[in-house]
Amino acid sequence: MSADQPDRTPLARSFFDRPSRLVAPELLGRILVCTLPEGAVELRLTEVEAYEGPDDPASHAYRGRTPRNAVMFGDPGHVYVYFTYGMHYCMNLVTGPGRDASAVLLRAGEVVSGVELAQSRRSNSRRSADLASGPARLTLALGVDRSRDGADACAPSGSPFRVLAGSPPPPERIAAGPRTGIAQAMDRPLRFWLRDDPTVSPYRRHTPRTRS
DNA sequence: AACCGGATCGTCT
DNA sequence: GACGATCCGGTTG
């Protein structure tokens, strides 16, 4: 492969069949393709978070299997989509080992193809770097909602999703820190991002909510 | 750059 | 019935 032509090889399912804390940093720089009837959008992943299944108090799998999180308990390489805050969708890739209920939340990326389509789904965005700079912005730019829950990102065909090898960054560009917006397990550095990348979402500390 | 409130509802207790 | 793996637009420093 040439320098200006990134590797288009799909990632094998075995890539995902490992602990999420190992898969997560290795997803940085890789390409997520989402092909829907309106067209395709390609994303270069720049920020992710690992969730470690039933042993992780911040994971949706922490309290066991429910109708919502059932996909997390299935095979690695599938997509887990959930709805939150009454209006947003967030997207994960299920990892292993085995049916471990672990996953990687996709938090941000750079739209490298299908910019116009992504823009049309994100009418308010000003900078193009903000098209997918946040987990809910990312799903909006891709056109992902709950109907995509369970889709196989490793299937040769029949799925809107595919993860390509892309161009892995040099290790020194990968940064790690506590996950965003959660109150539990702050001591685990399971958020990974590309240092100095303009598409990485700003870190937000968890803030308890009050009501009237 | 940091902080605030409002929007809005599926999911689990 | 309470809360959230959030975003946006506004205000303040």
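Below, read A as the first sequence line, B as the second, and so on, with proteins coming before strands; counting in each chain starts at 1.
Contacts of residues 102-113 of chain A with DNA chain C (heavy atom under 4.0 Å): A:L105, A:R107. A heavy-atom distance below 4.0 Å to DNA chain C is reached by none of the residues of residues 140-149 of chain A.
To the nearest angstrom, C1' of C:dC7 lies 14 Å from CG of A:L138. Atom-to-atom, CE of A:M87 to P of B:dT11 comes out at 15 Å; the value is rounded to the nearest Å. Here the C1' atom of nucleotide C:dG4 and the OH atom of A:Y89 are 15 Å apart, to the nearest Å. In this structure, A:R65 atom CZ and B:dT11 atom P are separated by 15 Å, rounded to whole Å. Rounding to whole angstrom units, OH of residue A:Y85 and C1' of C:dA2 are separated by 13 Å. Between A:R179 atom CZ and C:dT6 atom P there is a gap of 12 Å when expressed in whole angstrom units. Atom CE in A:M72 sits roughly 12 Å away from atom P in B:dC12 (whole-Å rounding). The CZ-P distance, from A:F83 to B:dT11, rounds to 8 Å in whole Å.
Considering every non-hydrogen atom in both A:S59 and A:M72, the closest pair reads OG-CE, 3.7 Å. Pairing each heavy atom of A:A132 with each of A:A141, the nearest pair is CB-CB, 4.5 Å.
Taking the ring centre of A:F15 as origin, the terminal cationic atom of A:R18 falls inside the region bounded by 6.0 Å and 45° from the ring axis. Relative to the six-membered ring of A:Y51, A:R179 meets both conditions, a distance below 6.0 Å and an angle of at most 45° to the axis. A cation-pi geometry, defined here as NZ or CZ lying under 6.0 Å from the six-membered ring centre and within 45° of its normal, does not hold between A:R195 and A:W193.
A:S14 and A:D17 are not linked by any side-chain donor-acceptor pair at a separation below 3.5 angstrom, with hydrogens and angles left out of the test. Between the side chains of A:T199 and A:T46, a donor-acceptor pair is found at a separation under 3.5 Å.
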Let me see the working for A:E52 and A:L190 under side-chain contact (heavy atoms from CB on, under 4.5 Å), right down to the final yes or no. CA-CA 9 Å; A:E52 303 195 287; A:L190 294 178; 3.6 Å; yes
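Atom-to-atom distance recorded for A:L45:CG and A:R30:CZ is 9.5 Å, nearest 0.5 angstrom.
Taking every side-chain heavy atom of A:R137 into account, C:dC7 is the closest of B:dG10, C:dT6, C:dC7. Checking C:dC7, B:dT13, C:dA5 against every side-chain atom of A:R63, the shortest atom distance belongs to B:dT13. With distances taken from any side-chain atom of A:C90 to the nucleotides B:dC12, C:dT6, B:dA7, the minimum falls on C:dT6. For A:H88, taking side-chain heavy atoms from C-beta onward, the closest of the listed nucleotides C:dA5, B:dC12, C:dC7 is C:dC7. With C:dC7, C:dC8, C:dA5 as the choices, the nucleotide that has an atom nearest any side-chain atom of A:H60 turns out to be C:dA5.
Here the side chain of A:R146 pairs a donor or acceptor atom with the backbone of A:V81 at under 3.5 angstrom.
A 4.5 Å side-chain heavy-atom check between A:R63 and A:P57 finds every atom pair outside the cut-off. A:V48 has its side chain out of reach of A:R107: every pair of non-hydrogen atoms, C-beta onward, lies at least 4.5 Å apart.
Contacts of A:A58 with the nucleic acid, taken as non-hydrogen atoms under 4.0 Å apart, include base atoms. Note on A:R68: only backbone sugar-phosphate atoms sit closer than 4.0 angstrom, heavy atoms only; bases stay farther off.
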Given Watson-Crick and G-U pairs under 3.5 Å, DNA chain C in dot-bracket ([ ] crossing, | other strand) is ||||.|||||||.
